[in-house]
Each structure stands twice: as C-alpha cells, then as structure tokens.
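See below for the structure under consideration.
Indexing begins at 1, ligand by ligand and atom by atom, following the structure's order. Source: prediction; values computed, not measured.
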Amino acid sequence: MFDADQFKKVSQKIDSYREAMIELQIALSAVPAVGPENGGDGELAKANLLKERLIQLGFKNFRHYDAQDKRVSSGIRPNFVTTIEGKNKNRFIWIITHMDIVPPGELRLWSNDPYKAYVKDGHIFGRGVEDNQQDMVASIFAAKAFIDEKLIPEYSINLAFVSDEETSSNMGLYYMMDSTDKLFSNDDLIVVPDSGNPEGSLIEVAEKSMLWLCFKTKGKQCHGSNPQLGNNAFVAASHLVTKLVKLKKLFPKSDPLFDPPESTFEPTKKEANVGNINTIPGEDIFCMDCRVLPEYDLKDVMAAIQKIVHAIEKKFKVQIEISTAQYVQSAKPTSSDAPVVHALQEAIKTVYNIESFAGGVGAGTVASYIRKKDGYPVAVWSKTCMTAHQPDENCPVDNMLGNAKVFANLFLQK
Ligand SMILES: [Zn+2]
C-alpha cells in the first residue's frame, strides 16, 4: 500500500530530473572503473566523483567499507552506503548497484568513444550506461525526490555503491558483508537491479549453480602416418565429450522457475592442439559450462563426471586432468512470496502497468551470496534492454526514469 498522491508528486519530480539524470550518466561514463583482473586501476576515481555528486544532490550520512587492494594504485577498492532515514529507523530498503564496468573490448565495434556517452533516439550510449549506471542513477534520483519533496519514506533507504562486481565481488559486496556483523537484517527489503528483461516483468529470485570445468587429456604425440606409435588424445577427448553431454540424463530434474527449466551441461571452449595435419595430437583441452538446478549438490555432479572420466582413461589409456574454473553452489532461492517480491510486483504494476513474475536465471549475480549468507531474501530486478557488456551498450532514458519511479514506489510502500 502507498499514498497515491504522494506517489504522483514523487513521479512528477522524477520526470523533472530527466536532463540531470542524463548528465550524471555522461559524467560517470567519463571515469572508467575497471577492476585489476580486467587490466584496470579500480573504482576510486569514479567513487569520489559519485560521492561529490551525491553531496551536491543533498545526500548525507555516508558509511564507507573500503577494501585494501595493492593491485590498484590507490590501494583502495571503495564501497559505500548513503542513508535516508525513514519513518521506521530500523528497517531498511536497499538498492545495491555496482560502480565497476567491464572493458569496452574491440573499439572498432563501437560507433563512438565508449567513455564519451551521448544520447541518440532516446537512448544513452556508452560503456557502463546500462550496467550498472542505469539503475544507479535511477536509485539516486528516486531518493532525491524524497529529499526535495521533504517526504519521509516508510522504510529507511540505503543506497549502496560497490566495487568489484564484474570480477568476483571479493573486494565489493562480499567484503562489505564480511567486514561487519550485520549489514543486513531479515526484515530488510534488498533489491539488486543488475539483471532483468526488456519488459521489466522478471523478478529474479533463484540462480542455478555454476560449474565450469576444463579437461586436459594426455595421450602420446607421434607422426600422422604411424598412429600406432602414439595415442591420440583428441580421439579420447571426443569420446569424453559425447559421454559428458549425457549428464543431462543423470540429473534430469526440471523446475519451471527457470528458463530453460533443466540443468544444462554444455561443452564450450576448445583449445587448439597440434599446428599441422600430419601429427597425432598427444594433448587435448576442452572446457564445459554446467548450470545446475539448486536442488542438486555440485559434489554429486563432480562425482558423476569423475566416473565418466575414469572410464575414458581406462578405455583409451590416456590421463585426464580436470581443472575447475568456477564452482559456485547456488543458494536456496528467495521465496516467490517474500515481501520484497510482493513490493516489487506492486511497484512494477503501478509504474509499467504489467504483471511481473518471480523466476530463476542461469547466471551468477551477487544476490546468490546474499541469499547464502543467513538466507536473506533478495530480488534482482531491472527493466533493461540487455546490452550489458556489448559494444554500443545503451540505456533507454525512459527505462532509467521508469525504474526510478519503481524504486520511489518501493520507498513509499507501507
Ligand atoms: Zn552488472
């Protein structure tokens, strides 16, 4: 429930911020914040600019959770929270967005300089404008409307700005959660607007577990005309691939929360073996991306894979090493009935006039860690045109304003 007159007032205020929101987007895009794993120097310059702007916009009450990181020149990976006190001082609604971006990739694929954001046909183009600045700026101006209208929100508002989301979150949200006793409490409404769909109808409450593996098969290299003198690693690995795709049959459960509803086991990357046709490859490397329903334990999946591998080793007299690139057992899903889900559904209905639904995704977000730790309910939601990490990443200005109104509506709900 919310006061319709107050919401109207706040919505009109948000509309009046259109140009200011675009301007902040452009200013933020001009300060690239790339983590050291991606070859960048971190987020501090962007965080400093952001904080300066927040102070100018009327925000107070900042708390900092800086992580130390020698890999960046400042030595700091910044994380901070700004709070607006609500009628209820001890219950918080969190909007968590990340400051870091991924590198632009091949510049020739961009129509313009990725760090000089610009508006064209109602969209802002530039690296970071969608992921995650669209909702960062939306959350800031949603809260600013309360400052300017001198309205006290129902819950206290916490806007969190974190580092390191694109690489591991170890210096970002995970650091924040581990550095303090109680960042969150079970009564908090926690929203991570970092994923969604173009309609704005998907509220993500569950994730599949992620298991990324590489298989190095070792046989014996020899001349192509005398295969009997060696042991063809490529042949053994090819048999292994065909056995591994059958994991689907060993883990067949399906859950309509997800799309696709089943676990997936896909061979993906294949490394080059020999450079010429007349050599029998003595070594072969391929990798696999598995997304497994939360109800399965990844230990059981690994055990099944090891069994398949041993059978191939025996049959083809090769050695196979398995290396793990990602092993993330997903958390228990947030209930589709959690208060944060209902609150979002009401806000989305009010602003976009659509019914939204709770669903699962196959990718890992920071929400998984929040769910895992003490089982806090968290909803991942954004109306997004899904151009994150792409060349010509862009954000419709109307999404930025509409999402701001969704956040503002949440702030008004009793
Ligand atoms: Zn993101």
Side-chain angles (χ1 to χ4, degrees), residues 21 24-25 28-29 31-40 42-43 46-47 50 67 77-81 94-105 114-115 117 123-140 159-177 190-198 200 202-208 210 291 326 328 330-331 344 359-371 378-396 399-400 403-404 406-407:
M21 290 169 83
L24 182 56
Q25 270 271 28
L28 290 169
S29 301
V31 191
V34 176
E37 285 103 324
N38 281 336
E43 302 86 352
K46 187 170 177 175
L50 181 60
R77 307 294 296 281
N79 302 288
F80 67 101
V81 179
W94 291 81
I95 312 283
I96 303 168
T97 54
H98 64 85
M99 297 181 281
D100 56 317
I101 57 167
V102 292
Y115 297 131
H123 290 233
I124 310 171
F125 289 82
R127 176 53 89 227
V129 295
E130 178 190 304
D131 184 15
N132 199 199
Q133 287 161 209
Q134 168 180 290
D135 291 288
M136 175 186 291
V137 173
S139 67
I140 291 167
L159 303 184
F161 306 99
V162 300
S163 289
D164 198 25
E165 192 278 336
E166 297 293 0
T167 32
S168 67
S169 286
N170 287 332
M171 300 286 170
L173 187 62
Y174 303 171
Y175 175 83
M176 282 174 77
M177 291 179 69
I190 308 171
V191 179
V192 178
D194 195 22
S195 164
N197 65 7
L202 172 63
I203 300 170
E204 185 262 289
V205 293
E207 289 166 354
K208 289 179 182 171
M210 265 205 298
R291 311 283 169 136
Q326 283 264 22
V328 185
S330 69
L344 266 170
V361 294
T365 74
V366 291
S368 185
Y369 193 79
I370 308 176
R371 287 186 191 120
V378 46
V380 177
W381 172 85
S382 175
K383 178 171 171 154
T384 162
C385 64
M386 302 173 82
T387 61
H389 299 212
Q390 294 174 18
D392 283 349
E393 175 179 348
N394 66 89
C395 142
N399 277 4
M400 189 168 61
N403 289 3
V406 169
F407 301 143

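- Under a 3.5 Å cut-off, the side chain of Asn79 and the backbone N or O of Ser163 do form a donor-acceptor pair.
- At a threshold of 4.0 Å, the pair Glu204-Arg371 counts as salt-bridged, since one of the basic side-chain nitrogens sits closer than that to a carboxylate oxygen.
- Within the 4.5 Å cutoff, the side chain of Val406 has heavy atoms near those of the Trp381 side chain.
- Of the possible donor and acceptor atoms, one in the side chain of Asn132 sits under 3.5 Å from a partner among the backbone N and O of His98.
- For the pair Met99 and Ala33, the tightest heavy-atom approach, listed with the atom from each and the gap, is O-CB, 3.7 Å.
- Around the Zn ion (ligand 1), the protein contributes the following N, O or S atoms under 2.8 Å, ordered by chain and number: His98 NE2, Asp131 OD1, Asp194 OD1, Asp194 OD2.
- Looking at Glu43, its side chain does come within 3.5 Å of a backbone N or O of Asp164 through a donor-acceptor pair.
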